[in-house]
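Here is the structure we will look at, set down as structure tokens.
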Number of protein chains: 6
Amino acid sequence: MTRKLAELTGPQTLERLTADSVLLVPIGAIEHHGPHLPLITDALVAEAAVEALVPAAVQAGIDAWQLPTLSIGKSDEHHWASGTLWLNATTLFETLVDLGRSVATTPARKLVFVNGHGGNVALLQVINRELRRRFGLMVFSTGALQIPAGTGDDGPDELGLGIHGGWAETSIVMHLRPDLVHPELFARNVPEEMTTYEHIGFNGRPVTFGWLSDDFGPSGVIGDPTGSTAEAGKALFEYGIGKGLEALAEIDRFSLPPRAGSGAP
Amino acid sequence: MTRKLAELTGPQTLERLTADSVLLVPIGAIEHHGPHLPLITDALVAEAAVEALVPAAVQAGIDAWQLPTLSIGKSDEHHWASGTLWLNATTLFETLVDLGRSVATTPARKLVFVNGHGGNVALLQVINRELRRRFGLMVFSTGALQIPAGTGDDGPDELGLGIHGGWAETSIVMHLRPDLVHPELFARNVPEEMTTYEHIGFNGRPVTFGWLSDDFGPSGVIGDPTGSTAEAGKALFEYGIGKGLEALAEIDRFSLPPRAGSGAP
Amino acid sequence: MTRKLAELTGPQTLERLTADSVLLVPIGAIEHHGPHLPLITDALVAEAAVEALVPAAVQAGIDAWQLPTLSIGKSDEHHWASGTLWLNATTLFETLVDLGRSVATTPARKLVFVNGHGGNVALLQVINRELRRRFGLMVFSTGALQIPAGTGDDGPDELGLGIHGGWAETSIVMHLRPDLVHPELFARNVPEEMTTYEHIGFNGRPVTFGWLSDDFGPSGVIGDPTGSTAEAGKALFEYGIGKGLEALAEIDRFSLPPRAGSGAP
Amino acid sequence: MTRKLAELTGPQTLERLTADSVLLVPIGAIEHHGPHLPLITDALVAEAAVEALVPAAVQAGIDAWQLPTLSIGKSDEHHWASGTLWLNATTLFETLVDLGRSVATTPARKLVFVNGHGGNVALLQVINRELRRRFGLMVFSTGALQIPAGTGDDGPDELGLGIHGGWAETSIVMHLRPDLVHPELFARNVPEEMTTYEHIGFNGRPVTFGWLSDDFGPSGVIGDPTGSTAEAGKALFEYGIGKGLEALAEIDRFSLPPRAGSGAP
Amino acid sequence: MTRKLAELTGPQTLERLTADSVLLVPIGAIEHHGPHLPLITDALVAEAAVEALVPAAVQAGIDAWQLPTLSIGKSDEHHWASGTLWLNATTLFETLVDLGRSVATTPARKLVFVNGHGGNVALLQVINRELRRRFGLMVFSTGALQIPAGTGDDGPDELGLGIHGGWAETSIVMHLRPDLVHPELFARNVPEEMTTYEHIGFNGRPVTFGWLSDDFGPSGVIGDPTGSTAEAGKALFEYGIGKGLEALAEIDRFSLPPRAGSGAP
Amino acid sequence: MTRKLAELTGPQTLERLTADSVLLVPIGAIEHHGPHLPLITDALVAEAAVEALVPAAVQAGIDAWQLPTLSIGKSDEHHWASGTLWLNATTLFETLVDLGRSVATTPARKLVFVNGHGGNVALLQVINRELRRRFGLMVFSTGALQIPAGTGDDGPDELGLGIHGGWAETSIVMHLRPDLVHPELFARNVPEEMTTYEHIGFNGRPVTFGWLSDDFGPSGVIGDPTGSTAEAGKALFEYGIGKGLEALAEIDRFSLPPRAGSGAP
């Protein structure tokens, strides 16, 4: 039976959903990913992850549901590149507020953003709290796929900088949709100077900074797709889904006190 | 080869798209459709229409492309019903402005909203002009499927009032996704008093009015799904696609003078 | 006794208005209408229509009231032309929301936008529903004057394309304010290519499109004022008022269930 | 010949207006004025003032023009009273920005808000500068009528507190529209405690404060209409017009350096 | 014991504040003040005034509290000058609404904006009322320092036009922070033509107008700092504080009826 | 000589700042910190950090400047607590955009937000990119003080959950402003259940979630201030400043290509 919320009827949502239901929203991006990957990469990965996670979670006893994919995200860092479809920060903010307000009319109280695009992360963190305060929901955000870091499996020649169109992402798309990948155009573009910083960095460093993808060269790639393979992609995907299931199990047993939410901004 | 824009790479959009390209955006809704139809009805129909139209149009020599589906629309008339996911008018407005601004960075100049939800129509008409003025695009909006009116094929017992969850829509979903239809819950809800008005009406009458779907009874249906069949749905769908192709041929040869757009609101 | 709402005192509105009162708001535009018609054309027609309709409706037993004219509308299609005064779509949206919120503090529950400008139509349809949802009002929108179509009286040489500064509109202004019309500058500007489309069109066609008035030539006229006469204008005006009265009689007996409105966007 | 801008055609605005033209915009309010004055009071006074000022100014060699009246203003202080039609501060702000942007497409560079409502004053001062910065206009705001203060002609029993529905305003409406005044309901409501403050006050005091009209009693009047007469109103009106003409003569010879304006907020 | 609200703990605000508490918010600007005064001038003066007023008011039996300084204001008139930090009118409006909403969660009901920047005055007057309507507060705005006008002490050679970087302001900064003043760069820039107007003026005249500070010359100064002295500044400051204390005493005994506020815009 | 930007004159900013200047903005919060810490905690720490960092950085050859403190941040998680002063996410967003637009008029190109409040982090990351895209700036965000984690110095009994009013923060305030700390009210409030999650967490975990500070008990504290000392606070502060200096040295040599910025949202 369907686990896609939108395939239910309205009245069914009243019967089938409860405060323990976990609603998963794939959110991605349609954005430039260099010459070798399709614009849809991030939306593809987010949707594929949710499509894998939901049945597995149900199998594990979690009342998980898939919501429609939000394909278009906040891709302002690629605004310069033909083909990028992007929402302003404020438009995405209002979209997600509207989504939270909508979900709050169902019996469900747990909403999880499963995110395929790094450029959405910070805004989702703002939204997590906004939706809790305004609508009393429990709201979570997570990357679509956790990547095994520091194992040599995260792109050995990327110096930890393979964040856009690099080895892991390219491998995953080769696994999911090999027809959309252009290996003949794989080209390394690693901003090696970034390794000279201890504090400033793309992820998990104490100093964050504002960058656009053409700040590191005209290709818009940050990473090294060379050596990507579908096999590696399959392994990365499965690893990520495994970790995602663990995360969903935690979300399932997580709780915060009920609250009404004020509705007001 | 793909005709989904988002399956191209960014650089491919520069090579493959031209000012003659016609970009089709399915736009729908996730909203209450009574006890017998899924929430996804309008998004489903819009996406199915575009998926049928694009290859047929390409076959006919039109450089047609499918853009990602905007599943969630302006369903304020069903805001009272659990399961409806909806954007405020202003949020949808900003979303579509952002989409137009994004498309304007590609070589394409023709954008077509293929709309599965009546509640989006007026806002799309506002947007048609907004995107032309601000970004210089040629922008079109059309219903996903034209329905053969006045032929007895538009729901004989509906008095012309089958606008939401009625005979035609139900039949079409029975054709597209029979597994999501609940015939045992078909129930006629036709606001017959509307036939006593000559000026006031839902569509194509000189006086429009603001209504919410529970203004006509708690079911939220406006129409009569009784007697809907997959066969009728198939015929309606094919009729609509045929008309849609005619419309695309007109859009293909249509032109307005080039203009830059001011960008500013 | 006055039938202009704004000529009442505040306390009188509590005594004189009831849930059966019908409040008419003339809404127009101040916009370029070619070299032969004044900027005020649309506001003039809307106001003249309401001034004719209200006393006639009262005569017919309808508790009708005239609200102040909203002269300035959404004339973005003429933004290029000196003299056009126009509101952004979002500004007009907020203005009309504020008006609805204001009206909701009176005993009246029926609000009718009597509209003289085609560029306002779609936004008014969005507002119809917005005001019902947010403030529980019954909200209607109608053209200021219905024009007898297909009778030869709608501009014989205009091919059905006389939508801005054409025969009917020019004739009506010659009837209402002959001093403001410049017959020596009448010049036909009919985008004849539009007749080659069956699907795409300005009005009542399945495919709408975004146009600016200078997309069809520098005059900004779409139609043929040649042959306009005050006599024809008088007949058109009277025909429209007659139809408007019929519409008001329907609005008077129309009802929807009471609802409170949430106030929230 | 007409001096109403909106009665010109678009092309005429290019010929008739110059950088020396002075455009007058009546701006008022539709708001509760107690039991004895009509809602339209402030819009009425503003419009009457402009209608008197423009021909007199033209007579005096000033290229003055009347723009359409903005009837509805920022009447949040009367939001509690049935019949008040009011715009939020932000809606009125955007409306006036749109008006400035529109005027900037004509050859005119001088825009004067002739204001009949105290609640608009501060917002107009914000707008004066906003329109200069964004559109390079010279923008002025002035009360519709200066009142001779401290002469005994400003409401002897009002202790200088006759700011809403008091002696002067009531007298002026008795002069302009005696049919809309209800002398049998004249009732003094003067917040006498305000005279005990030297710093805090309604006007021209160093400390301003936020008040709503029912903060001083349920009538919403602040002043004493007792003793108002049409004769006094006529004298006040003529005095105000005389002062207004002096002001227009100054505006006519006033100049600031040309500037382009950035357009941006 | 501290009289800075932000030095209390949250729970202390519940114990220490009452409906009689008077909360003072210094609000200034960081803006170009010519070559001789620092950008911080207006924020400096506002903060110094509050720091002097609060203990003196407490001494006088008023339950006064200092809130954090809002250093950055609406300095759009100096937007052209390097170093000016400024908020759009709408940003400052929303900031002050948020502040009012925050204060309304404490027991306090009296909020006073002590303002060091002329460009904030009108917006604060709009906010006074907005916060009363929305949050039921009593809200006051006052200049940080009243200046003894017409005594020869307000800049004898300034013709009453010393409104920005002139004699009084310069003297006060010389008193407060002599190290930040550059007397060698004192230069008179008085727009003498303004004295030829009786109606148009910067302050307290019936006609206000929109000006940017470089409309009167490239220095951005409006006034004459020549002859400024720390001694004069000390006298001016003390005079202003004396007047401010009188004003606070009035605010302390001032009251309006309790009201809840609607929260809504 | 001053290193506070706002103590310069406008013209001095043109002479003293260059593209290599590094502008530091302290940004904090005024929010409930439990019964033992003052509301000002986060603003205090941010400002103290910048006041220590700037002279040390100058000493180290970095052209560092202190901008005015933004005391009030996004404290929606404490909106329930009396005394919290907070900006909506969108208000803070617009404030920071206005600040970036202002800074872009100076010669400086490097802007660093030195942040004392966890609730600002995500929004600052959104802003980092927004300001780079719109104004071409290089924008960095960093915590005011890095804390030595995993050394036993980060609150031994806090299980890594001392994020609000806990051992480290309390110790630092005891170092900076012992007079504002209430040791008699120290009380442990550690949400121990959080240790049972591997994926969900407050910081640096793959799954983020929306929480309000009273979701973990009425005190609003998350951590254990017991055992806090001024000595520990001094050590933590000095460690953080040391790390901050290292970070500033990196920022100083960091560069991205010059770009103009589009200005547009």
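The sequence lines fix the lettering, A, B, ..., with proteins before strands; numbering per chain opens at 1. Values in this document were obtained by computation on a predicted structure and should not be read as measured data. Below, each value reflects all heavy atoms present in this structure, side chains not excepted, and no hydrogens, waters or symmetry copies.
Chain A forms the most heavy-atom pairs under 4.5 Å with one residue out of F:Ala247, F:Ala249, F:Ala89, and that residue is F:Ala247. Between chain A and the options F:Tyr197, F:Phe209, F:Trp211, F:Trp80, heavy-atom pairs under 4.5 Å are most frequent for F:Tyr197. The most heavy-atom pairs under 4.5 Å with chain F, out of A:Gly204, A:Pro257, A:Pro191, come from A:Pro257. Interface summary for chain A: among F:Arg205, F:Glu246, F:Met194, the most heavy-atom pairs under 4.5 angstrom belong to F:Glu246. In terms of heavy-atom pairs under 4.5 Å with chain F, the best-connected choice from A:Thr208, A:Val207, A:Asp214 is A:Thr208. Ranked by heavy-atom pairs under 4.5 Å with chain A, the first of F:Glu193, F:Lys74, F:Lys243 is F:Lys243. Counting heavy-atom pairs closer than 4.5 Å to chain F, the top residue among A:Ile251, A:Thr196, A:Thr91 is A:Thr196.
Side-chain contact between A:His164 and A:Glu77 is absent, with no heavy-atom pair separated by less than 4.5 Å. In this structure, the side chains of A:Glu169 and A:Ile163 stay at 4.5 Å or more apart for every pair of heavy atoms. Taking the side chain as every heavy atom from C-beta outward, A:Leu248 and A:Leu24 approach each other to under 4.5 Å. Side chains of A:Val25 and A:Leu96 form no contact here, defined as non-hydrogen atoms less than 4.5 Å apart. The shortest distance between side-chain heavy atoms of A:Ile222 and A:Val190 does not fall below 4.5 Å. For the pair A:Asp20/A:Asp63, no side-chain contact is recorded, criterion being any heavy-atom separation below 4.5 Å from C-beta on.
Residues A:Ile172 and A:Val45 share a closest heavy-atom pair of CG2-CG2, 4.1 Å.
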- request: Show the numbers, then the answer: is there a side-chain contact (heavy atoms from CB on, under 4.5 Å) between F:Leu99 and F:Val97?
  value: CA-CA 5 Å; F:Leu99 182 65; F:Val97 167; over 6 Å; no
query: Hey, mind stepping through A:His79 and A:Leu212 against side-chain contact (heavy atoms from CB on, under 4.5 Å) and telling me if it holds?
result: CA-CA 8 Å; A:His79 79 279; A:Leu212 308 183; 3.9 Å; yes
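The ring of F:Phe216 has its center closer than 6.0 angstrom to the ring center of F:Phe202.
Contact annotation for residues 106-125 of chain F against chain A (heavy-atom separation below 4.5 Å, listed by residue number): F:Gly119, F:Ala122, F:Leu123, F:Gln125. Contact residues of residues 129-143 of chain F toward chain A are F:Arg129, F:Glu130, F:Arg132, F:Arg133, F:Val139, F:Phe140, F:Ser141, F:Thr142, F:Gly143 (heavy-atom distance under 4.5 Å).
With no hydrogens or angles considered, a side-chain donor-acceptor pair links A:Glu31 and A:Ser75 at under 3.5 Å. Using a 3.5 Å distance cut-off with no hydrogens or angles, the side chains of A:His32 and A:Thr84 do not pair a donor with an acceptor.
Only the side chain of F:Gln146 comes within contact range of chain A, with heavy atoms under 4.5 Å apart. Contact annotation for A:Leu256: only side-chain heavy atoms (C-beta onward) come within less than 4.5 Å of a heavy atom of chain F. Only the side chain of F:Asn88 has a heavy atom closer than 4.5 Å to any heavy atom of chain A. The parts of F:Arg253 that come within reach of chain A are both its backbone and its side chain, each placing non-hydrogen atoms under 4.5 angstrom from that chain.
The closest donor-acceptor contact from the side chain of A:Glu94 to the backbone of A:Thr90 lies at 3.5 Å or more, if one exists at all.
Not counting sequence neighbours, A:Phe93 has no partner by the ring-ring contact (aromatic ring centres under 6.0 Å, His included) test. Residues passing the salt bridge (Lys or Arg N to Asp or Glu O under 4.0 Å) test with F:Arg101, sequence neighbours excluded: F:Asp98.
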